[in-house]
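Numbers restart at 1 for each chain; the letters A, B, ... are given by sequence-line order, proteins then strands. Note: hydrogens, waters and symmetry copies are ignored here, and every other heavy atom, side chains too, is used. Here the structure is a predicted model, which means the values were calculated and not measured.
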Amino acid sequence: MKWGMVIDLQKCTGCGECVAACKRENNVAVVEPKESAMGRTMLWMDMLTIFEGDYPRLRVRQIPRPCMHCDHPPCTKVCPVRATYINEEGIVTQIYPQCIGCRYCMAACPYTVKSFNWYKPEWTPGIRDTVNPDVSVRPVGVVEKCTFCVHRRQKAKEQAKSEAREPRENDYQPACAEGCPTGAIVFGDIENSGHRVNHLAHSPRATRLLEDLGTEPKVIYLKEVD
Amino acid sequence: MSKKTIEGLQIVSISLIWVLFTGIAIWVFNLIKVSLELHDAPDASVAISIVAILIFLVLASVLTYVFIGLRKGRNEDKET
Amino acid sequence: MDDLSARPHPDAPLLRPIERPARNFYLIVGILLAIILYTGFVYLRQILFGLGVTGMAQPVTWGFYIINFVFFIGISHAGTLISAILRLSKAEWRRPITRMAEVITAIVLAIGGLHPIIDLGRPDRMSHLFFNGRLQSPLLWDITSITAYFTASTVYLYIPLIPDIAILRDRGVKPRWLYEFLSWGWQGTERQHKVLDRAMNILMVIVIPIAISVHTIISYIFAMTVQPGWHSTIFGPYFVVGAIFSGIAAILVLMIVFRKIFRLEGYLKHVHFNYLSILLLIMSLLWFYFTFSEYLTGYYGHEPNEMRVFWYKFTGDFAPYFWTMIFCNFFLPVLLLCNRKTRTIPGILIASISVIIGMWLERLIIVVPSLANPRLPYPTGIYIPTHTEWMLFIGGISVFVLGYMIFARFFPVISIWEIEEGRKESAKIVTERISSYMPDIKPTSAGE
């Protein structure tokens, strides 16, 4: 069982719903404007904007970028305390109470997906009521990143067990996949031929980011056709 | 301070380096055990860690050698 | 009571700072303690509020603390080169220098070794490194090697210090109990000398590979990632060369300072500065060779991510720092030290300070540009260090100066017994050695 994601760039409109859904679901802190201008915005799912070419052949591409959940993660190799590790189902997870905040994994990740809690995260009184109780709130000084909403995996597993059945494809979907209005983000078990990602991953349009580094990311992008 | 107190302090001071050595040896063996349990350390790291313990052993031994050697050399002088 | 310390000693200038410390001493110690206390408050603020008080952000998540970590540990290579290598090669001119060099190493290693802790987001969780550390992380290798080096250099500082402590003990210098305790019963007998010699011989051999491993492993923190500008096989030797380079510059500065304030012109003579500054010159050329190789191979390969970091350093935001570094590390020292006329004490002082600044800039240029230019299309990172980071830097330097001053207050900065040994035996040893180089006398031909 290996969890992977396929993002169809032809279907993606760059609306940013995945970015917002992820922040809501995972209690990702909102930082002050001054901090954000410095580069301390915390985005587990980021929307990359790439400008290609010159006018009149200018092209703007919007690429949602979650954590790649590499099969050979450069970040887990360098963590001195095993606060980040890859589990048996292929998800690169974080153990927040273990992290000592050395930020070596942040420096080592070639995709720059990790965020750091530079200050203690705070929520305004109204938003505080909407935090997701399933996801732990991180303290100051630890690193965090996209976890493919692994808490939903836990929930789906327990739900299926209590109903004495096998988990279905739609039982476990991360917030970004669930929220995407065009269905550009598809998530599932890439080793299970019954899941859509398994087929899409082998599409002729399939490509990965920074493939030549040998990190074997499990987020696959389907190139645009026009 | 009496001579006895000073001698006592000196013996405590030399035993400190053996405390350090034991601490480091325990720590490194613990790390090796953890890495074997998790199956994630290349053999090179384990080998180098063992070399590290040997280095501390050599340092502690040299210091102890000097300590004992100086005490022995001193008694000889008193006899003459 | 007979004031033993009033007895004249042939090396009185070396004993004077201990037996009769200057009045300025306490004033300067007071100022340094004030700076260090303030630095402590600044650090406390960082612990209370988090690393947000620094200038680090994504993507430049490492800044001053890691730069200074590498910088301070780099300077620690001073002691190893001078003490160990010069002792090993039996260079007689090392005698007044070895003690100062060894003290630099011990103090600066302690300061440098603490810097990764200052950099941690959760220093309260440091024990995780000890209970659940992972051997495959270069940071763990670092902890081991720095601890090993610190232990080795402290032992290597202490053992040759014993006879000098005995001299102070015999002269009744206060506090008597301290020197009694530390001298371990030294009486200068022949057996004791043999023990000391043997111990020093073993240590000076093993301290060299330990020292080389320390800075190599520090370079592995960067080289073991795949980031452009860091993932280079030359990093190990490059860092070691840079460390020895900055270490020699640090010793030279300290020698000049102590020569002035303790009036040691009789001990630290022009010949010592001449030899060390030629070593500095050689290291400058060697450093330039490594830097040149590093950038030429990057440029020739023209890999896009490498080139972005390359241009960022050569013509981009970091260009002023980069070219200042090249000037400070290569052009200025080579110009000053090549020429005998400028290889004077003021010239050497300028060259050494220039190298220290240049080597700090080199650490800046290694750490920040690779982080500021991530592979994916993000805006280029900006790093502006804050008051907290500057204060911790100044605090680190103050701790170094204070530590050195306290050492110089209680122990001689020049090895008295080795100078005495040199006076008595050097000439004989060297004459014997040189005559062993000379060709044997030809046997007379049979039919003469």
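Taking 4.5 Å as the limit, some side-chain heavy atom of C/I162 sits within range of a side-chain heavy atom of B/V66. With contacts defined as side-chain heavy-atom distances shorter than 4.5 Å, the pair C/F130/B/L31 does not qualify. Taking the side chain as every heavy atom from C-beta outward, B/V62 and C/I206 never approach each other to under 4.5 Å. For the pair C/T151/B/I17, a side-chain contact is recorded, criterion being any heavy-atom separation below 4.5 Å from C-beta on. Inter-residue side-chain proximity for B/S49 and C/T144 is flagged as unmet; no heavy-atom pair is nearer than 4.5 Å. In this structure, the side chains of C/E180 and B/K3 come closer than 4.5 Å at one or more pairs of heavy atoms. Put simply, the side chain of C/I159 reaches to within 4.5 Å of the side chain of B/L63, judged on heavy atoms.
With rounding to the nearest 0.5 Å, the separation of CG in C/N132 from OG in B/S35 is 12.5 Å. Taking CG from B/L9 and CZ from C/F181, the interatomic distance works out to 5.0 Å, rounded to the nearest 0.5 Å.
Looking at C/S213, there are no atoms closer than 4.5 Å to chain B (heavy atoms on both sides), in backbone or side chain. Looking at B/I55, the atoms closer than 4.5 Å to chain C (heavy atoms on both sides) all sit in the side chain, from C-beta outward. Looking at B/F56, the atoms closer than 4.5 Å to chain C (heavy atoms on both sides) all sit in the side chain, from C-beta outward. Contacts between B/I48 and chain C at a heavy-atom distance below 4.5 Å are absent for every atom of the residue. Contacts of B/I32 with chain C are made by both backbone and side-chain atoms, with heavy-atom separations under 4.5 Å. Contact of B/V34 with chain C is made through the side chain alone, with heavy-atom distances under 4.5 Å.
Considering every non-hydrogen atom in both B/L59 and C/A148, the closest pair reads CD1-O, 4.0 Å. Residues B/S13 and C/W184 come closest through the heavy atom pair OG-NE1, 3.7 Å. Pairing each heavy atom of C/L129 with each of B/W27, the nearest pair is O-NE1, 3.4 Å. Contact record, C/V195 with B/G69: CG2-CA, 3.8 Å, taken as the closest heavy-atom pair. Between C/Q192 and B/L70, the shortest heavy-atom contact is NE2-O, 2.8 Å.
The number of heavy atoms from other shown groups lying within 6.0 Å of OH (B/Y65) is above 12. For CD of B/E37, the number of neighbouring non-hydrogen atoms (other residues, nucleotides, ligands) closer than 6.0 Å is greater than 12.
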